[in-house]
Amino acid sequence: MGVTIKTKTYCNYINGGWKPSVTEELYASINPANKDEIVGYVQKSSEKELNEAVASAKEAQVSWRKLSGAARGEYLYKVAAVMEEKIEEIAETMTREMGKTLPEAKGETARGIAILRYYAGEGMRKVGDIIPSTDNEALMFTTRTPLGVVGVITPWNFPVAIPIWKMAPALIYGNTVVLKPAIETSVTAIKVVECFHEAGLPAGVINVVTGSGSVIGQGLIDHPDINGITFTGSDQIGKRVGQGAFSRGAKYQLEMGGKNPVIVASDADLNLAVEATISGGLRSTGQKCTATSRVIVVSDVYEEFKQRLLAKVKEIKVGNGLESESWMGPCASESQLNTVLSYIEKGVAEGASLLYGGKRLVEDGLEKGFYVQPTVFENVKSGMTIAQEEIFGPVLALIKVNSLEEAVEVANDVKFGLSASIFTKNIGNMLTFIQDMDAGLVRINAESAGVELQAPFGGMKQSSSHSREQGQAAIEFFTSIKTVFVKP
Ligand SMILES: NC(=O)C1=CN([C@@H]2O[C@H](COP(=O)(O)OP(=O)(O)OC[C@H]3O[C@@H](n4cnc5c(N)ncnc54)[C@H](OP(=O)(O)O)[C@@H]3O)[C@@H](O)[C@H]2O)C=CC1
Ligand SMILES: O=C(O)CCC(=O)C(=O)O
């Protein structure tokens, strides 16, 4: 007789306890490396659970905000310690739930731990300034006050780091949180929230409600007791979040798409540029908002760069992220795979030349997963769809240009402005790029992806709401400035 392994069902976390939804309906979270494997079941929640979560966060905020920053920081240090103990379990769940390779998942979980420790320390740092008053008897200064209850809506591509880089600053500055994670990675998000529970955070300070974007996400946008919403995801949904929050006077912060270029100048170190293009464009199967998707190469090094790039791309081993030899895992979901394949078709239809890849992989044990070949196009014109829209897949578009000036012009010819790289040894080229490139992150001789937690992160143009996350920039969103004037 075979042994039956029961797949675990995960509950919402509301007011310090694990609770099922009244709907009694569940989502199955499946492994994109093998669609027959269910990683776990999560609640298909209703507005009832959302309302309970918001009410408990509102109540908890009264005493949470009154704790000292140092005391709130102590809790975050404890969460970091619990997470460190569970790093293997969380990383493996992430790989099974969204497909990125295990080393990447471990790296992301370690990053989550470092973010918690960074914001724990923020609890001890200054929050205001003394400003000289024109009245010589008065003391004038600024302090900061939390927003209240913050709604956190997160995507599936960084299921640990993104919720943490939103929740940790929210909490340290005295807010309480209701998290709505992407359906695809809700089990990983719940494992993160388990760490907060085990660290003993007071009931209601953090809550997670799983469910659809249209019910729970929209419910957060519309809820009168949600004072601020922080969102990462597509630009379509981001705009909806911004409009909804604005219409009822809630604060909002949006991180959305990217169409990030790498420029390869004639004096570039070509091997470095190739490595960085591959790492920036294809790691995590290209599913990063900072991923390189346009490779703009100056004509005198174009052929040489192309040959070296192709040679390396052909070596990429695609497979299950849990297997140590896999360099690139599957797309995170069937719908993401179909999106990527449809962009590839569009690229061909619009006249770009497919140099390598372009196909779903269904052989050698990959047939049950959402695998796609790493893909390289050339003869791409800036107006083509694959050079304009975010694909969120392992697709590189090579664009040949005649000069650095033209390269920067092409690099800026998109609606997004998140991240951009240049490879050059010339200081003049570097300075031109730093000045003229419309992107929130400009990187010289380094790949477009991979942000540092202590630095501001965010985009220009339609990549963000012009706000910045992470580092000390986070205080701007998660608090309001109060100007205080005191007279004896
Ligand atoms: N900037 C980035 O880092 C990311 C960009 N993307 C881009 O978005 C594309 C689509 O990915 P997708 O996952 O569908 O991204 P979405 O923008 O749809 O999802 C992001 C989050 O928003 C939620 N959401 C969906 N609808 C609403 C709504 N009406 N109100 C409030 N919240 C909502 C989602 O919930 P649910 O999961 O329940 O739908 C999820 O938690 C990708 O191909 C990529 O181009 C995606 C992820 C991250
Ligand atoms: O490049 C990174 O490290 C962060 C990317 C990111 O924020 C995203 O893809 O949403």
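We count ligands from 1, going down the list as the structure has it; atoms in each ligand are counted the same way. The structure presented is a predicted model; accordingly, all values stated were derived computationally and were not measured.
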Nearest-option assignment for atom 11 (O) of ligand 1, heavy atoms, candidates W156, F392, Y343: W156
Subset of ligand 1 atoms that lie under 4.0 Å from at least one heavy atom of I221: 30 (N), 31 (C)
Polar proximity ligand 1 side, G233 side, N/O cut 3.5 Å exclusive: yes
Short N-O contact, K166 and E469, less than 4.0 angstrom: yes
Under the salt bridge (Lys or Arg N to Asp or Glu O under 4.0 Å) test, residues paired with E108 that sit two or more places apart: K100
Parallel, tilted or perpendicular: ring planes of H197 versus W18, cut at 30 and 60 degrees: perpendicular
Proximity flag T339 to ligand 1, non-hydrogen atoms under 4.0 Å: no
Sub-4.0 Å heavy-atom approach of F231 to ligand 1: yes
Polar atom proximity, A449 to ligand 2 (N or O, under 3.5 Å): no
Contact (N/O only, under 3.5 Å) between G213 and ligand 1: yes
Residue part near ligand 2, for E452, under 4.0 Å between non-hydrogen atoms: neither
M256, any N or O under 3.5 Å of ligand 1 N or O: yes
Closest approach of any protein heavy atom to atom 7 (O) of ligand 2, naming residue and atom: W165 CH2, 3.1 Å
Shortest protein heavy-atom distance from atom 1 (O) of ligand 2, along with the residue and atom involved: T290 OG1, 2.5 Å
Test of proximity, R111 against ligand 2: N or O pairs below 3.5 Å: yes
Heavy-atom neighbours of K239 NZ exceed 12 at 6.0 Å: yes
Any N/O pair S234/ligand 1 closer than 3.5 Å: yes
Distance from atom 8 (C) of ligand 2 to nearest protein heavy atom, with residue and atom: C289 SG, 2.8 Å
Part of F392 with heavy atoms under 4.0 Å of ligand 2, whether side chain, backbone, both or neither: neither
Distance flag for atom 19 (O) of ligand 1, protein heavy atom under 4.0 Å: no
Non-hydrogen atom of G244 closer than 4.0 Å to ligand 1: no
Whether E184 lies under 4.0 Å from ligand 1, heavy atom: yes
